[in-house]
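Every number for a ligand or one of its atoms is a count from 1 in the order of the listing.
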Amino acid sequence: APVPPPDQKSCGTATITDGPAVPYSCCPPKPDDMDSVPYYKIPRMSKLRKRPPAQDVSEEYIAKYQLATSKMRELDKDPFDPLGFKQQANIHCAYCNDAYTMGDQKLQVHESWLFFPFHRWYLYFYERILGSLIDDPTFALPYWNWDHPSGMRLPPMFDVEGSSLYDARRNPHVRNGTIIDLGFFGDEVKTNEIQMITNNLLLMYRQMITNAPCPLLFFGEPYRFGSKPNPGQGTIENIPHTPVHIWTGTVRCTDLGNCVPSYGEDMGNFYSAGLDPVFYSHHANVDRMWNEWKALGGKRRDLTDNDWLNSEFFFYDENRDPWRVKVRDCLDSKKMGYDYEPKATPWRNFKP
Ligand code: C2O
């Protein structure tokens with residue numbers, strides 16, 4: 001059977017793991033009547049939202065995005081406003097840190113075939129909320145174009161102290177245009193920029209092409225009602241998705257050595273990842289890889305298993321209305337009202 005939308009009535013305390021477990025509250029405001037939450041219908045749009053590569057946008061675009069994000073942060077004054085920045089970050093925590101149960105298991109959207117559709121719907125509403133806060137119905141999130149040499153660093157707009165897009169809880173090595181290591185799991189690699197870029201392109205070729213010739217390898221292992229968490233991740237979720245999180249978050253330090261204890265916040269831990277605005281640009285590019293992968297053709301198509309197609313999530317929209325959404329309604333980003341500004345994909349022919 002498919003995964004039903006998480007029952008909001010039973011949302012409980014989440015757990016920060018990866019070190020001594022710490023309780024953390026991240027449940028969303030509960031709708032009055034969970035059983036009558038309606039199914040979402042994609043509103044008609046006259047114009048597509050076009051998500052641009054973050055390194056190429058204009059000053060004007062950056063100012064708009066900063067403004068939208070600071071308006072969202074202001075909504076945190078009411079900690080129960082579902083549109084507040086912290087509430088939006090808490091969505092990730094609730095679905096990923098054991099706040100919800102499914103049957104007699106904890107619900108976990110990572111390391112399974114729910115990874116791509118869950119994050120797609122999450123960004124969809126996040127983007128609509130930002131757009132509505134600045135009265136721009138065509139506002140589109142920028143994507144962190146880490147699969148292209150010109151995007152293999154933290155996009156500069158996120159590296160301005162005092163801006164709503166800044167997050168002080170990042171590893172200092174991400175600042176000032178350092179080239180990212182898309183295979184980063186905690187060890188700094190000593191190499192030059194050209195070599196790092198070459199490694200990154202090779203790794204993209206492997207994860208998109210060699211290692212993901214068919215749907216289950218790309219999306220991840222089946223996860224149904226009652227499944228145990230973490231059945232297995234797809235190629236892109238594993239690398240570079242996770243390394244980008246770890247590379248951006250603070251240096252992990254969970255024992256009492258002589259560094260400040262950290263669980264990798266913000267980007268390097270599920271419960272806190274959404275507290276870094278760059279999270280949504282990172283995931284926009286992950287989402288773009290879903291489209292790019294299908295465009296490669298052959299057996300690279302969406303899954304057809306009904307348990308995947310009929311799995312559901314729960315979100316608030318920009319009007320604070322609660323909805324249930326289905327995986328089957330998020331397979332075509334254009335039908336959802338957005339697309340990506342094209343950018344070359346040099347990894348495509350980067351055979352070892
Ligand atoms: Cu939900 Cu990038 O993790």
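Salt bridge Lys64/Asp136: present, at least one basic N to carboxylate O contact under 4.0 Å. The pair Asp266-Arg170 does not count as a salt bridge, with every side-chain nitrogen at least 4.0 angstrom from each carboxylate oxygen.
Under the 4.5 Å side-chain contact rule for hydrophobic residues, Val251 and Tyr271 do not share a cluster. The hydrophobic clustering, which links ILVMFWY residues whose side-chain heavy atoms are closer than 4.5 Å, places Phe85 and Phe270 apart.
Look at His110 and atom 2 (Cu) of ligand 1: no N/O/S atom of the residue is under 2.8 Å from the metal. Here His119 fails the criterion, with no N, O or S atom under 2.8 Å of atom 2 (Cu) of ligand 1. At least one N/O/S atom of His283, whether from backbone or side chain, sits less than 2.8 Å from atom 2 (Cu) of ligand 1.
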